[in-house]
Amino acid sequence: MAKRKKKTGTELTTENELLKLKMMAEFGGDFAGSENLPPEVEHAFLKQINRFHQLHDKAGLISIYNFVGEPLYNHVHDLSDKEVPKELKKLLKLLAKKGIVVDTLSGVPDREMYRFVTEEIFKQEIQNIRMPNWTIHLIYEEFHPSDEFDVKNQAGHALAFIFDKAFVTADFIFTEEMKSDIGLSIDKEELIEKIDTFKLGYNQMQFTGAEFKSIDIDTESKTAHVIVVAEYRAQTQKGRRFKSETSEVHLGLVRDPDTQFWMVSQLSSDKL
């Protein structure tokens, strides 16, 4: 049997452009930012997207419980504390096998997670699309927002900004109008400069953990105050051993009325 002739890069590029025009006409949208992809990679990507759109248009809604095959399960109240983790693991594994990943960011207890899966996730409706490598991610905190979790999460970002290489920018963490430890207004850039000066005293720093001593949240005023002990490793010079250190940090936070994100408005530490 004769082998199919492999298409050249030019032929693939032309076919890709025609496929993009076809999908834009049928489904709308644009394909910005794909010009740097190799033609064969872009072609595979476009075919996958086209298949998804075709399946999406034909697919109706189906409950997740039906989607995963209507598995047998016990009511959460009928399981002992010993049985819950095992049964939860079985359900999460079954869901993941069908392309549905259910997770928690704040470490929800197994019994509550089992209840969440059987009483809420199973009832959720999704598009009846079955494709290889197609995954739906469902996070507990998206269904049950928690001020305490959000405050602790933002406090963690602030600690990483001070004691490690931050993965987020200062604008994501701090409000424009900052206050000192005694409540006086300070310039945000001045605070960032103090943090940078502190970190320049070390060759490397690694944030390793946090022990929250207190978290006070006032839902009416939408403010919070946190006292946390930051744990980190610091190396004074290259080649020297890392030394474990701690710092008690006091944080004041406010919830932004527009974004609803908790932002750090006040910060004090015995290291700054």
Side-chain angles (χ1 to χ4, degrees), residues 52 55-56 58-160 208-229 231 251 253-257 259-263:
F52 168 77
L55 289 173
H56 184 274
K58 297 176 182 178
L61 292 176
I62 185 174
S63 72
I64 288 179
Y65 181 65
N66 292 124
F67 186 83
V68 300
E70 301 182 7
L72 295 175
Y73 65 93
N74 291 304
H75 192 278
V76 63
H77 296 308
D78 295 331
L79 296 174
S80 67
D81 290 343
K82 187 177 180 180
E83 292 173 320
V84 168
K86 182 180 178 181
E87 294 303 312
L88 173 62
K89 186 177 180 181
K90 284 169 57 177
L91 288 181
L92 292 179
K93 187 175 180 180
L94 171 66
L95 287 163
K97 190 175 180 180
K98 298 294 184 178
I100 299 171
V101 177
V102 183
D103 206 352
T104 171
L105 302 175
S106 57
V108 173
D110 286 345
R111 185 172 289 279
E112 168 59 12
M113 199 65 179
Y114 184 90
R115 184 210 63 77
F116 173 61
V117 170
T118 57
E119 295 183 8
E120 298 185 53
I121 293 301
F122 277 171
K123 295 177 182 178
Q124 291 293 311
E125 291 190 329
I126 59 174
Q127 292 284 340
N128 191 11
I129 298 174
R130 301 174 189 272
M131 289 178 60
N133 303 318
W134 180 254
T135 304
I136 298 173
H137 289 265
L138 301 169
I139 306 298
Y140 179 91
E141 286 75 17
E142 292 179 351
F143 291 78
H144 300 279
S146 165
D147 281 336
E148 181 175 346
F149 170 75
D150 291 340
V151 166
K152 289 177 72 174
N153 191 50
Q154 190 68 316
H157 286 310
L159 296 177
T208 57
E211 179 188 352
F212 286 85
K213 299 180 70 174
S214 68
I215 302 175
D216 298 312
I217 301 173
D218 188 328
T219 54
E220 289 189 9
S221 64
K222 298 179 181 179
T223 60
H225 185 262
V226 174
I227 300 177
V228 56
V229 176
E231 301 166 358
L251 298 167
L253 298 95
V254 296
R255 190 157 68 179
D256 187 281
T259 65
Q260 296 302 308
F261 291 152
W262 285 94
M263 304 290 288

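Everything numeric here is computed off the predicted structure, so don't read it as measured data.
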Open item on the list: If I take atom CG from residue Leu159 and atom CG from residue Leu251, how far apart are they, to the nearest 0.5 angstrom?
Closed with: 6.0 Å
- [ ] State whether Phe212 and Lys152 meet the cation-pi test: NZ (Lys) or CZ (Arg) under 6.0 Å from the six-membered ring centroid, and within 45° of the perpendicular axis.
- [x] yes
- [ ] Kindly write out the residues that satisfy side chain to side chain donor-acceptor pair (under 3.5 Å) with Tyr140, not counting sequence neighbours, or none if the list is empty.
- [x] Glu112
- [ ] Quick one: list whatever passes ring-ring contact (aromatic ring centres under 6.0 Å, His included) with Phe149, sequence neighbours left out.
- [x] none
Task: Validation row: Leu138, Ile64 side chains within 4.5 angstrom (heavy atoms) - done: yes
Task: Flag, side chain of Gln154 to backbone of Trp262, donor-acceptor distance under 3.5 Å - done: yes
Open item on the list: Any non-hydrogen side-chain atom of Glu142 less than 4.5 Å from a side-chain atom of His137?
Closed with: no
Task: Heavy-atom pair with the smallest gap, counting every atom of Val229 and Lys213 - done: CG2-CD, 3.6 Å
- [ ] Could you tell me whether Asp147 and Arg255 have a side-chain N and a carboxylate O separated by less than 4.0 Å?
- [x] yes
- [ ] Given side chain to side chain contact (heavy atoms under 4.5 Å, CB included), test His77 with Arg115 step by step and report yes or no.
- [x] CA-CA 9 Å; His77 296 308; Arg115 184 210 63 77; over 6 Å; no
Task: Polar side-chain atom of Tyr114 near backbone of Lys89 as donor-acceptor pair, under 3.5 Å - done: no
TODO: Could you name each residue pair satisfying salt bridge (Lys or Arg N to Asp or Glu O under 4.0 Å) that touches residues 74-87, not counting sequence neighbours?
DONE: Asp81-Arg111, Glu87-Lys90
Task: Thr208 side chain vs Glu231 backbone, donor-acceptor pair below 3.5 Å - done: yes
- [ ] Could you verify whether a donor N or O on one side chain and an acceptor N or O on the other, from Glu141 and Thr104, lie under 3.5 Å apart?
- [x] yes
Task: Contact check, side chains of Ile217 and Val151, non-hydrogen atoms, under 4.5 Å - done: yes
TODO: State the CG-CD distance between Asp150 and Gln260, to the nearest 0.5 angstrom.
DONE: 10.5 Å
Task: Beyond-backbone contact of Ile126 with Leu61, side-chain heavy atoms, under 4.5 angstrom - done: no
Open item on the list: With rounding to the nearest 0.5 angstrom, report the CG to CG distance, Asn153 to Leu105.
Closed with: 7.5 Å
- [ ] Could you tell me which non-hydrogen atom of Pro71 sits nearest to which non-hydrogen atom of Phe122, and how far apart they are?
- [x] CG-CZ, 4.1 Å
Open item on the list: Other residues, nucleotides and ligands only: do more than 12 of their heavy atoms fall within 6.0 Å of CZ on Phe143?
Closed with: yes
TODO: Compare every heavy atom of Phe116 with every heavy atom of Val102, then report the nearest pair and how far apart it is.
DONE: CG1-CE2, 3.8 Å
Task: Lys98 side, atom NZ; Thr135 side, atom OG1 - distance, nearest 0.5 Å - done: 13.5 Å
TODO: Measure the CG-OH distance between Leu79 and Tyr73 for me, rounded to the nearest 0.5 Å.
DONE: 11.5 Å
Open item on the list: Under a plain distance cut-off of 3.5 Å, with no hydrogens placed, do Glu70 and Asn66 share a side-chain donor-acceptor pair?
Closed with: yes
Task: Side chain to side chain, Val228 and Glu211, heavy atoms closer than 4.5 Å - done: no
- [ ] Enter the distance from Leu253:CG to Asp216:CG here, rounded to the nearest 0.5 Å.
- [x] 11.5 Å
